[in-house]
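One structure is given below, encoded as structure tokens.
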4 protein chains.
Amino acid sequence: MTAHGTSASGTRKRNAEATRQALLEAAHDRFVRLGYEGTTLRDVAADAGVTLALIKRYFGSKEGLFKAALAATPRFLGQEDDAPQGPDALAEALSRQLAGRSWPEFGEHPVLMLLRASGDEQVDVRRRQALLDAGMQLLAASGHSDTGEGDHLLRAELLVALGVGVAVLRSTVGIQPLQDASAADLLTPLRDLVHALLPPPATP
Amino acid sequence: MTAHGTSASGTRKRNAEATRQALLEAAHDRFVRLGYEGTTLRDVAADAGVTLALIKRYFGSKEGLFKAALAATPRFLGQEDDAPQGPDALAEALSRQLAGRSWPEFGEHPVLMLLRASGDEQVDVRRRQALLDAGMQLLAASGHSDTGEGDHLLRAELLVALGVGVAVLRSTVGIQPLQDASAADLLTPLRDLVHALLPPPATP
Amino acid sequence: MTAHGTSASGTRKRNAEATRQALLEAAHDRFVRLGYEGTTLRDVAADAGVTLALIKRYFGSKEGLFKAALAATPRFLGQEDDAPQGPDALAEALSRQLAGRSWPEFGEHPVLMLLRASGDEQVDVRRRQALLDAGMQLLAASGHSDTGEGDHLLRAELLVALGVGVAVLRSTVGIQPLQDASAADLLTPLRDLVHALLPPPATP
Amino acid sequence: MTAHGTSASGTRKRNAEATRQALLEAAHDRFVRLGYEGTTLRDVAADAGVTLALIKRYFGSKEGLFKAALAATPRFLGQEDDAPQGPDALAEALSRQLAGRSWPEFGEHPVLMLLRASGDEQVDVRRRQALLDAGMQLLAASGHSDTGEGDHLLRAELLVALGVGVAVLRSTVGIQPLQDASAADLLTPLRDLVHALLPPPATP
DNA sequence: TATGAATGAGAGTTCATTCAT
DNA sequence: GATGAATGAACTCTCATTCAT
């Protein structure tokens, strides 16, 4: 996407917000695919169709751009809404999020962004927190509470790990049949898996 | 580890094999932690206690060093022997390999090496194959054959994905309680999981 | 010459064209004197009074710089205009071009640039062609045509060889009295030589 | 040529002199073709079939090797003996030396070695002297004395320059028809040239 | 004597960044 | 606000050289 795309609302000469957004998407794409070191600002700027100096203007530095791209990463395994819960719903959401191209603006699964390190400690904290949150959310979605009793949280994090692993193996590495498995293909195994890991709490 | 470590047979200064090995381990450690681009040959040489030029001598180039490090990576999720199989044995092996520090010479779980790309296509093929092999092996260990019937291979690869994800979340990212979970902590959830994913084939 | 020299219109710090030109002249000078391998980009940049990275900016690489320097080399033994011809005029032009400092911007005789190889095949072709052209031009200037009859072209190339040798012996090597011979000193011997090599064609 | 070639006289295990000679020829070949900077000692050693360290043993350093190669260069345009002189004999000798492969052990014309600089001042003096000597010798061969009267020495050096130029254009650059001209092809033009440049002294 | 291990300096190249315009 | 000129540091790689064996 270039910065100076045609806008429906007439004027389109210099749209700062569009430029920022184009840079952000280009950066996200490259950071996810090539990592922090492998991404050059010149390429990001070229992808966005603007000059390199604008990156400094909008994001200050490469680190700033990375942080912004990280912040723009959608929640991993997040439930879109506070919808019906339980293992079956969870498995269905998982299969959809892992298989689908639910993020047309991201070339790869956005969770991969959470695995990219920039060397900045502050960034690492944010990445870690985002993944911890994913575990918490899965735990909640399964109908459990995070009271720390039992190993429910550990089990939820194993589910997060599975999601991470699937994203990795489907993208960078690419092994079949996992890479091209559809949501339908994944649904049954994931349902078995969720049921085994996070069975619904006993209802007295 | 430095190249000129004391050996059993007295002190020795010039030892090509020890130098090569020290370089290899230092490289593996940095490649796993920092990736291909993030790893500098100067740092690798410094870790090994030798000069940069020896990397050229022994490995030809950075790519050569990376390939050597990749080749030195132990098999992922490999059964140590052709021992008793079935879900329970598999779960136990998994918990041990994922939790343990079974590789004292590698700072991080060696499977992470398989996720590092160097840009060389030939390398990518090897990485992919190694992970495919892991899936095949898990399938065999569970008592199934890879006849392609059903979704057994897909299920086995989900197990591989889980292993990859656990390794990632325990190392680079580091989320608790998963990061410090012991093999014992992992055993029960993993047993549930393996049983759910790869139940023993029906024996009529 | 440095890049930031004072110009007629006051002092100027940022001038892409001046920088490019300063780099080109510095490069030409060093390539001619030291050859391709013997020339370091750091020294060229220092001569031009700028930083090394600008060479990449303007010329892409060392090869690019070399090609640019080669392209900036004036024609060897070229007649300035389509002026009167014949042996005497030719001898006079030769003596002037070989003796004079007709190229104040080049430290050495520019033909020496044509003797410098960079390893690039494409460059070699250009060098060869430039020297072939010199022979053709001398042939034409002597009043002959290049119909291939007789050994006129060979004789013209012997004249080119003489020019090359004189340039070499006057510059890099430096043998007296040839090195400091003036155009007047060279004129008489060269006239004898041209008359002997390329006598005017018989006019029936 | 390798160092351990079969020798007719029986023993051939470790012949220091043969090794030295093989190194010298390999060095000469590379220095002439690639120049000082372009020549690597490893390649020279490999050409000679020995290890690099022997260069240091026999010649001390790269400079030492270069000096030895320079010293081993045969005299340029030297009359083989103090045989019949005069313009015709001189032209005949010139055509033979410039055209022929009179030096089977040198890939290129050995005079090219005299054009190669190493950066060492002492070396430059030797090169200059060798070329000056060539001029003196031509002068003598033409029947003149170097009393300094007239411009005879300058004319002789123009002949040296011609020889240098022909060697250069026949080897590194390679322009036709000069490159493949035979001694017979060169004889007539050279005779005209020598007669014009160095006519026999008037005999009262 | 001869080999191979090891070094240090320097090469070209790349990149994030800063500074004028 | 935006561009492009210019910088300095860091990288991989190469090579002549030296040091033990």
Side-chain angles (χ1 to χ4, degrees), chain A residues 3 13-14 16 19 36-45 50-58 60-65, chain B residues 3-4 12-20 23 36-45 48-65, chain C residues 3-4 12-20 23 36-45 48-65, chain D residues 3 13-14 16 19 36-45 50-58 60-65:
Chain A
K13 40 181 183 178
R14 298 263 174 112
T19 298
Y36 186 80
E37 306 279 349
T39 297
T40 76
L41 296 190
R42 262 184 182 76
D43 289 344
V44 170
V50 298
T51 36
L52 169 111
L54 286 190
I55 293 181
K56 168 154 198 211
R57 177 161 299 281
Y58 288 138
S61 68
K62 191 180 190 179
E63 282 254 351
L65 180 61
Chain B
H4 306 312
R12 55 182 171 182
K13 288 286 286 295
R14 302 240 169 164
N15 187 326
E17 194 48 44
T19 298
R20 220 192 99 99
L23 280 172
Y36 186 80
E37 306 277 351
T39 296
T40 78
L41 296 189
R42 263 186 183 77
D43 289 344
V44 170
V50 297
T51 32
L52 170 71
L54 287 189
I55 293 181
K56 187 214 159 127
R57 183 179 181 79
Y58 290 123
F59 302 99
S61 68
K62 190 179 189 179
E63 280 256 351
L65 180 62
Chain C
H4 306 311
R12 55 181 170 184
K13 288 285 285 296
R14 303 241 167 164
N15 187 327
E17 194 48 44
T19 298
R20 220 192 99 98
L23 281 171
Y36 186 81
E37 307 277 350
T39 296
T40 77
L41 296 190
R42 274 182 177 78
D43 288 344
V44 170
V50 297
T51 35
L52 170 70
L54 286 190
I55 294 180
K56 187 214 157 123
R57 182 178 181 81
Y58 290 122
F59 303 99
S61 68
K62 190 180 189 178
E63 280 257 351
L65 180 62
Chain D
K13 40 181 186 180
R14 298 262 173 115
T19 297
Y36 186 80
E37 306 279 348
T39 297
T40 78
L41 295 189
R42 260 184 184 78
D43 288 344
V44 171
V50 299
T51 35
L52 168 107
L54 286 189
I55 293 182
K56 168 157 199 205
R57 176 161 298 281
Y58 288 138
S61 68
K62 189 180 190 179
E63 282 254 351
L65 179 62

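Reckoned from all heavy atoms, side chains included, excluding hydrogens, waters and symmetry mates.
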Where each pair must be Watson-Crick or G-U wobble with both distances under 3.5 Å, what dot-bracket representation of DNA chain F is obtained, with crossing pairs in [ ] and other-strand partners as |? .||||||||||||||||||||

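- You'll find the side chain of L23(C) stays beyond 4.5 Å of the side chain of R20(C), heavy atoms only.
- For dA5(F), the OP1/OP2 oxygens have no side-chain nitrogen or oxygen of T19(C) closer than 4.0 Å.
- Atom CG in L54(A) sits about 11 Å away from atom P in dG4(F), given to the nearest Å.
- Partners of L41(D) according to the side-chain contact (heavy atoms from CB on, under 4.5 Å) rule, which considers only residues two or more places apart in sequence or in another chain, are L52(D), I55(D), K62(D), L65(D).
- Considering only residues two or more places apart in sequence or on other chains, F59(B) meets the ring pair (Phe, Tyr, Trp, His ring centres under 6.0 Å) condition with none of them.
- For T40(A), the side-chain hydrogen bond (donor to acceptor under 3.5 Å, both in side chains) partners at least two apart in sequence or on another chain are D43(A).
- Among the heavy atoms of the strands lying under 4.0 Å from Y58(A) are primed sugar atoms or P, OP1, OP2 only; no base atom is included.
- Using a 4.0 Å cut-off, no side-chain N or O of T51(A) falls inside it from OP1 or OP2 of dA2(F).
- The nearest whole Å value for the distance from the CD1 atom in I55(C) to the P atom in dT14(E) is 13 Å.
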Strictly under 4.0 angstrom, non-hydrogen atoms only: write out the protein contact profile of nucleotides 12-17 of chain F, one letter per nucleotide from the 5' end, B, S or -. BBBBBB

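- Within the model, atoms OG1 of T51(B) and NZ of K56(B) stand 13.5 Å from one another, a figure rounded to the nearest 0.5 Å.
- Not counting sequence neighbours, the partners of Y36(C) by the ring pair (Phe, Tyr, Trp, His ring centres under 6.0 Å) test are F31(C), F66(C).
- OP1 or OP2 of dG1(F) sits under 4.0 Å from a side-chain N or O of R57(A).
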